[in-house]
Number of protein chains: 2
Amino acid sequence: MRMDEREKVRKPAGVKNRLSASCGQENPCKIPPSYRISSEALEKVKGLMHEDVSDTVAILKVLSDPMRLRILKALRIEDLCVCVFVELMNCEYSKLSYHLKLLKEAGLVDCTKEGNFLIYRLTELGGKMLDSVEKMHFSVPSSI
Amino acid sequence: MRMDEREKVRKPAGVKNRLSASCGQENPCKIPPSYRISSEALEKVKGLMHEDVSDTVAILKVLSDPMRLRILKALRIEDLCVCVFVELMNCEYSKLSYHLKLLKEAGLVDCTKEGNFLIYRLTELGGKMLDSVEKMHFSVPSSI
DNA sequence: ACAATATTTCAAATATATTTGAAATACTTA
DNA sequence: TAAGTATTTCAAATATATTTGAAATATTGT
């Protein structure tokens with residue numbers, strides 16, 4: 001299956017910028033004909049490229065911050081008001097507000113007002129995401 | 001267990017900036033005494049705050065990019081040379097190089113030279129991380 | 001050796017994310 | 001009603017990440 005059809009469709013020498021049927025693009029194909037790849041694989045990969053990953057990326061982005069990750073972990077222990085984070089993270093309200101907003105917009109936490117306090121809690125999604133993250137076994141090779 | 005000891009340690013009125021034993025910080029505690037939280041919960045949360053999450057964050061950061069995610073997905077189908085990405089993602093070499101470098105530094109991919117081609121492959125870690133990401137069920141509430 | 005090619009590297013330009021501090025909001029207590 | 005408090009919001013400052021294009025590198029075929 002490693003042998004492909006790409007060579008077959010090569011245009012006669014001297015025709016620069018030829019179309020490549022295997023790429024299926026209008027523009028000149030940038031994959032050199034000497035690179036062997038099955039058209040099956042190429043098609044599969046091409047399919048992937050149009051897949052929408054924006055939701056995935058959006059949530060991963062929100063998760064990839066130390067402060068936000070700690071907030072989520074803390075909320076798994078107990079619903080907490082902002083003031084607790086302000087104290088324990090040594091952090092201004094405005095900074096926390098910013099991070100809490102991102103978590104909330106991503107649907108990972110929500111909050112209710114109790115008197116002057118705003119109590120944040122983990123949503124179901126938030127809990128699941130945190131679990132997933134912790135199930136990943138992270139071992140970065142060197143220091144990156 | 002919701003009743004806490006925080007009230008007990010309140011200093012006499014008029015003493016501003018008192019230490020709060022429940023916070024255990026040297027500085028004045030920012031958690032208002034009217035906010036009720038068990039000292040057990042507070043201790044647990046405080047413990048979390050010192051936990052190191054940098055490896056987790058480092059890998060999540062690398063994963064949270066559409067291009068890098070697509071590269072990983074593609075490499076699960078087959079080892080691929082850079083030229084394939086250049087073609088299918090409509091992207092300059094230098095840009096791809098940048099993203100591939102991040103993936104490599106994170107240990108998610110590696111590569112070997114074959115002639116003039118650089119063939120990238122998913123590492124074991126890369127495969128696991130991709131699996132984990134895909135097992136998360138992402139549903140961002142609104143558009144974030 | 002030479003020219004062509006596939007790729008990386010680097011620095012500058014751009015874009016995005018985060019922090020900061022001041023002002024606004026909304027609730028509570030006096 | 002006024003004053004205090006917990007929190008958010010906003011805009012400016014800063015920091016970080018990404019893109020871009022030109023030049024460097026390494027390999028190949030001639």
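All values reported here derive from a predicted model rather than from experimental measurement. Below, chain A is the first sequence line, B the second, and so on; all start at residue 1.
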| Touch check for B:Tyr120, heavy atoms < 4.0 angstrom, all strands: base, sugar-phosphate only, or nothing? |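 Touches sugar-phosphate only.
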| message | Closer than 4.0 angstrom, basic N to acidic O: yes or no for A:Lys73 and A:Glu134? | response |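 Salt bridge flag = yes for A:Glu134 with A:Lys73.
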| task | Indicate yes or no: does A:Glu40 engage A:Lys44 in a salt bridge with an N to O separation below 4.0 Å. | result |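 Looking at A:Glu40 and A:Lys44, the cut-off is not met.
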| query | Choosing from C:dT7, C:dT8, D:dT7, which nucleotide comes nearest the side chain of B:Cys83? | reply |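 Comparing C:dT7, C:dT8, D:dT7 against the side chain of B:Cys83, the answer is C:dT7.
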| said: Which nucleotide wins on minimum distance to the side chain of A:Lys101, given the candidates D:dT9, C:dT7, D:dA6? | reply: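 Of all the options, the side chain of A:Lys101 is nearest to D:dT9.
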Using whole Å, what does the distance between atom [atom2] of nucleotide [N] and atom [atom1] of [X] come to?
X        : N      : atom1 : atom2 : answer
B:Phe117 : D:dA26 : CZ    : P     : 19 Å
B:Ile119 : C:dT8  : CD1   : P     : 11 Å
A:Tyr35  : D:dT27 : OH    : C1'   : 17 Å

| message | How about CD on B:Glu51, more than 12 heavy atoms from neighbouring residues, nucleotides or ligands closer than 6.0 Å, or not? | response |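 For B:Glu51, atom CD is crowded (more than 12 foreign heavy atoms under 6.0 Å).
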| field | B:Leu75 CG to B:Leu130 CG distance, which is reported to the nearest 0.5 Å | value |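 Going from the CG atom of B:Leu75 to the CG atom of B:Leu130 covers 9.5 Å.
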| message | Nearest 0.5 angstrom please: B:Met129 CE to A:Met136 CE, how far? | response |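 If we round to the nearest 0.5 Å, B:Met129:CE and A:Met136:CE are 6.0 Å apart.
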| Under a 4.5 Å cut-off applied to non-hydrogen side-chain atoms, are A:Phe85 and A:Leu96 in contact? |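 SC-SC contact between A:Phe85 and A:Leu96 confirmed.
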| query | Heavy-atom distance under 4.5 Å between the side chains of B:Leu48 and A:Arg70, does that happen here? | reply |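 The answer is no; the side chains never approach within 4.5 Å.
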| said: Counting primed atoms plus P, OP1 and OP2 as sugar-phosphate and everything else as base, spell out the protein contacts along nucleotides 12-18 of chain C at 4.0 Å heavy-atom distance: B, S or - for each nucleotide, 5' to 3'. | reply: -----SB
| said: I need a per-nucleotide contact map over nucleotides 22-30 of chain C, read 5' to 3'. Cutoff is protein heavy atoms under 4.0 Å; write B for the base, S for backbone only, - otherwise. | reply: B----BS--
| said: Less than 4.0 angstrom between a side-chain N/O of A:Tyr93 and OP1 or OP2 of D:dT7, yes or no? | reply: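 True: A:Tyr93 side-chain N/O within range (under 4.0 Å) of D:dT7 OP1/OP2.
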